Protein chains: 2
Amino acid sequence: MPNDPNPIPGWLECIARSGYRLTAPRRAIVDIMASSDRALEPLQVYDLGRQSCPGLGLVTVYRTLEKLEELGLIQRVHQPNGCHTYWRAACGHEHLLFCTACGRAVHFSGDNITPLIEKVSNQTHFTIQDHWLQLFGLCPQCQQNNL
Amino acid sequence: MPNDPNPIPGWLECIARSGYRLTAPRRAIVDIMASSDRALEPLQVYDLGRQSCPGLGLVTVYRTLEKLEELGLIQRVHQPNGCHTYWRAACGHEHLLFCTACGRAVHFSGDNITPLIEKVSNQTHFTIQDHWLQLFGLCPQCQQNNL
DNA sequence: CCATAATTGATAACGTTTTTCAATTATAAA
DNA sequence: TTTATAATTGAAAAACGTTATCAATTATGG
Ligand SMILES: [Mn+2]
Ligand SMILES: [Mn+2]
Ligand SMILES: [Zn+2]
Ligand SMILES: [Zn+2]
């Protein structure tokens, strides 16, 4: 399912299979989160969502984002200037690369920090269970705009 | 200055040299932040600070943490369950390893992700300017306690 | 010691997130 | 198709972490 051109049916199925109901607000939020090319804050999801689901409430956005995160479909994104955004979750072992100018995000894979983890574990006597790696930069479009 | 057994004088000098005044609240907060072995939230700094500086206000904690971060003496720490804590800043190019049980933190160095950055940059056409790396695990003490 | 501007703590304001609750609605059973 | 049920909803209020305001205090240099 990596780079699925239309992940929305899969997300809806995941929601239903988990025993949650498929409602208009949830469909609207899934549409937005599954297809956005950048990380979004709850208020942005709310504004976008009201275009297709006019009565949508902000509280429902928070609740739905929480559920999508719990189902592993989206993940919270941490940035130097705040940690209030969400983006679709990685498939397998991938990390995030962000454009600091526009928020556009991509996943990448291929980090090999196992030797480093081994070394740090030996030096510190910590058991290391997880790691975060994030790259920050400028996307091609924003490089153009900053010329 | 790495692993300075007593970094407090250096922090105070840094504050004074930057044109800021040395006050009792600031000394109390510097004492706490320079010697803590774990990341602390503002409210924790406040509670600890009032032990040696009874009149200390929470607002002063926020203002002082902001200043220490601006001076590069402390840094905000991002964790899966919140990004409200601060810890002393790294010396040079270092990253953080956290105990998920007790919050104890250590710096480590020696990551070499330059080849990865090169590869991802070529694949994505992003210009990559910065990176975050954090390791999560269990410190020796917490491994003992969980036996 | 004095003059001055920086700093302080109390208070109020702020924006984000969570809780509460009655009304609505998706779903499965009849 | 209808009905019963519990899940879900949006509005309102509350809670939370953080920031702005302001008069009183205090560190600093002269
Ligand atoms: Mn990795
Ligand atoms: Mn590095
Ligand atoms: Zn961009
Ligand atoms: Zn620990």
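Being a predicted model, the structure only gives us computed values, none of them experimental. Quick note on labels: first sequence line is chain A, next is B, and so on, each numbered from 1.
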Base contacts versus sugar-phosphate-only contacts with protein, heavy atoms under 4.0 Å: please encode nucleotides 10-18 of chain C as B, S and - from 5' to 3'. -B----SSB
Treating primed atoms plus P, OP1 and OP2 as sugar-phosphate and everything else as base, which nucleotides of nucleotides 24-30 of chain D get B, S or - for protein heavy atoms under 4.0 Å? --BBS--
Tell me, please, which residues at least two apart from V120(B) pass side chain to side chain contact (heavy atoms under 4.5 Å, CB included). L97(A), F108(A), L135(A), L116(B), T124(B), I128(B)
Look up atom CD1 in I8(B) and atom CG in D31(B), then write down how far apart they are to the nearest 0.5 Å. 4.0 Å
Pairs under 3.5 Å (N/O, protein and nucleotides 28-30 of chain C):
none

Could you tell me the separation between the CZ atom of R17(A) and the C1' atom of dT27(C), rounded to a whole number of Å? 18 Å
Spacing of CD belonging to Q44(A) relative to OH belonging to Y86(A), to within rounding of 0.5 Å: 13.0 Å
Nearest whole Å is fine: how far is dA26(C) C1' from R26(A) CZ? 10 Å
To the nearest 0.5 Å, atom OG of S109(A) lies from atom NE2 of H93(A) at 8.5 Å
Nearest 0.5 Å, please: how far is CD in E13(A) from CG in L22(A)? 10.0 Å
Set of residues satisfying side chain to side chain contact (heavy atoms under 4.5 Å, CB included) with respect to E70(B), sequence neighbours excluded: Y20(B), K67(B)
Is any side-chain heavy atom of H125(A) closer than 4.5 Å to a side-chain heavy atom of Q143(B)? no
Go through the structure and list residues passing side chain to side chain contact (heavy atoms under 4.5 Å, CB included) with T114(A), not counting sequence neighbours. N112(A)
Is there a chain of hydrophobic side chains (I, L, V, M, F, W, Y, each step under 4.5 Å between heavy atoms) that links W87(B) to L138(B)? no
L68(A) side, atom CG; M33(A) side, atom CE - distance, nearest 0.5 Å: 7.5 Å
